[in-house]
Amino acid sequence: MTLRSVPIADRVTDAFFALDPDFRFTYLNERAETLLKRSRAELIGRVMWDEFPQTVETQFPDRFHRAMDEQVSVSFEVYHAHLETWFEARAYPSESGLSVYMRDVTERKSQETTIAQHAAVVEAVQDAVITLDRNREIVTVNGALEDVLDADRQEFTGEHVEVLTSRAGISDEHAVEIGRAITDVDVGNAAERRLELPFTDANGTDRIGEFRFVPIEDDLATVAAVVRDVTDQREYERVVTSLHEITRWLLESDDPEEICAIAVHAGSDLLDLPISGVWLLEEEQGYLEPVAGTAGAHDEFGGLPRFYPGEGLVWDTFESGDVERFDDLATVDDVYNPETPIRSEIIAPIGTHGVLMTGSFDAHQFDETDVDLISTLVENTRAALDRADREQVLRERTAELERQTERLESVADVLSSDLKAQLSSLADALEAEGGEMSAARGETAENWEFPLAEDSVEATLDRTERLVDDIREFARNASAVGPRSRIDLESAIEDALERSRLDGERVVVEQSATLRADAERFVHLLETAFDDAASRADGEVTIQVGLVGFGTSDRSRGFFLLDDATEIPPTAHDRVLDITTDDGDASAGVETNIDGLGLALVRAIAEAHDWSLTVDNGTNGGTRLEIRDVTTLERESASSS
């Protein structure tokens, strides 16, 4: 280097220094002093590797030796850790050594790093990202877009954005909307534009995309478009909205089975759950009874099973009260049917009412979204069943009030007519007494007798007392049954015979049995039935007691009482079950001299237990009372009795 060249080197904006063949500094310009943070006086004549030992571990030695040995120019980028600086270095050899130009590119490297990081982020996101220049030509696309359209990014780079909209099956009308949004963002009319438009993916499936357009600062691109597939999100929102609309149908019904059927079919149609069913708790028996199921469930299994306490996952989940998802039943213990073809299922308790269960033949078929949607469905179903229960209670209370009102009106009629008749007979007797006293005037009081025999007075008072007792029993609320206990049928018959007017030896019990009932009221039922038979008999009467509804019969269980007294004609079967103000049905040829309400009271006690009573005639005459719907009635073997 000549002295004449020094001022020119000082004016170069890049850092410049010269080295001799031994790599000693022979010159540095001002920019080099600043960059290396050392003055000329400190470095001239010094070996570069001695003054900057950190550079020995960099590319400087190899590249500078190559330039010097091979007499070729070299360029490279290097990071100087001590100076925390990135350099772009260029070395030019000559016979006198090396001329080295160095530029601080730290800022550029930082920008490149940031750009690389942004590119990595863009590649990592699941949304499709496209950048466009001012001519609406595609600058870059990310891998997500390649996946959606099953195409290589090279097919789009440099092409007009219309290629992309055409490939995605976007209509011309919507393509125009996209063009307007890009323009608005590009010219600064909007900081951001969003559109929600349909498109078609590589499989030809219709999808919904949320297109977001934003301005970017880039050497090439001016607008970025981010496309997010919101098809599943919109479908979820649609289903949730539909489920809440179904709530209105659920709440319009007051029939639990209809409510469950609506829930099952809603799950099948809206949630694509073809194998589903609902079980409700049978409170008296304590098991889960299937009440509704999809056609797929019935076709596959031929009906749904009943679940008793402790049986399988269904009962466990019902007791826990929490929705459970089973991804692979092959790995789960306590499966109700280990041979089931169902591989995955969701079981959701419907409050304390029961459970909804849905299954699939494939493992891992359900996700948390399915759990959320089914939870919404069962919560709405629970609300509807709660309402149905309240409505049912209200109807039962209303009906009971109406029945009780009718009973009280009937009781008033009976009291009015029957007691009036008793008082009338006593008045007639007293009137007769007055006449006799007048005719017998002059006789001593000691010789006169009261015209009513003692047994007649006792019978009248007994009849009145029985009538009052029956009226008190009849007027009781039909639902006011006391605690039910296990009762032996023969023992109850014996207790009733002791209180009735019937001879105990004339009652024949075919088979021993037990049932659950209010013991006191059940004995009163039998006592009243026995007295009714006695009232229709001219002499002795025999009553046969037997069981019905067992074996092959499809009717409900119960028992019958068949007597051989004067039969009640078919035309009077219904009439004798209602309160009457007559002592009998004279038009039907039946004389009923029972002291009380008779078979009307028997029916009232039976209905209080949710049983049914019918009156019929025996095959060989007589009257047959049949009480059905006694679900707890059980036969006893001869050995156990």
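Being a predicted model, the structure only gives us computed values, none of them experimental. For the numbers below, each heavy atom of this structure counts, side chains included, while hydrogens, waters and symmetry mates do not.
For the pair R624 and F560, the cation-pi test (distance below 6.0 Å, angle within 45°) is passed.
Heavy atoms only, all atoms of each residue included: R382 and G351 are closest at CD-CA, 4.0 Å.
A donor-acceptor pair under 3.5 Å is absent between the side-chain atoms of D564 and the main chain of V541, judged by distance alone. Although no hydrogens or angles enter the test, the distance criterion places no donor-acceptor pair under 3.5 Å between the side chain of S344 and the main chain of D328. Using modelled atom types, no side-chain atom of T632 and backbone atom of L515 make a donor-acceptor pair closer than 3.5 Å. One N or O on the side chain of T376 and one on the backbone of D372 form a donor-acceptor pair closer than 3.5 Å.
Y308 pairs by the ring-ring contact (aromatic ring centres under 6.0 Å, His included) definition with Y287, not counting sequence neighbours. The side-chain contact (heavy atoms from CB on, under 4.5 Å) check on T317 picks up S320, E324, F326, I347, P349, with sequence neighbours excluded.
Using a cutoff of 4.0 Å between basic side-chain nitrogens and carboxylate oxygens, R603 and E626 are not scored as salt-bridged. The pair R557-E634 meets the salt-bridge criterion, with a side-chain N (NZ, NE, NH1 or NH2) lying under 4.0 Å from an Asp/Glu carboxylate O. Using a 4.0 Å cut-off between charged nitrogen and carboxylate oxygen, R325 and D370 do not count as a salt-bridge pair. Between D495 and R499 no salt bridge is recorded (no basic side-chain N to carboxylate O distance below 4.0 Å). No salt bridge links D254 with R387; every basic N to acidic carboxylate O contact stays at or beyond 4.0 Å.
Taking CZ from R501 and CD from E527, the interatomic distance works out to 10.0 Å, rounded to the nearest 0.5 Å. A distance of 4.0 Å separates OG1 in T623 from CZ in R536, rounded to the nearest 0.5 Å.
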Run the numbers on I543 and V508 for side chain to side chain contact (heavy atoms under 4.5 Å, CB included), then give the verdict. CA-CA 6 Å; I543 297 180; V508 179; over 6 Å; no
Taking it one step at a time, do F530 and I493 satisfy side chain to side chain contact (heavy atoms under 4.5 Å, CB included)? CA-CA 10 Å; F530 293 159; I493 290 173; 3.9 Å; yes
Between E607 and R628, is the salt bridge (Lys or Arg N to Asp or Glu O under 4.0 Å) condition met? List the steps. CA-CA 10 Å; E607 290 180 349; R628 292 272 191 169; over 6 Å; no
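At a threshold of 4.5 Å between non-hydrogen side-chain atoms, the residues L385 and I350 count as touching.
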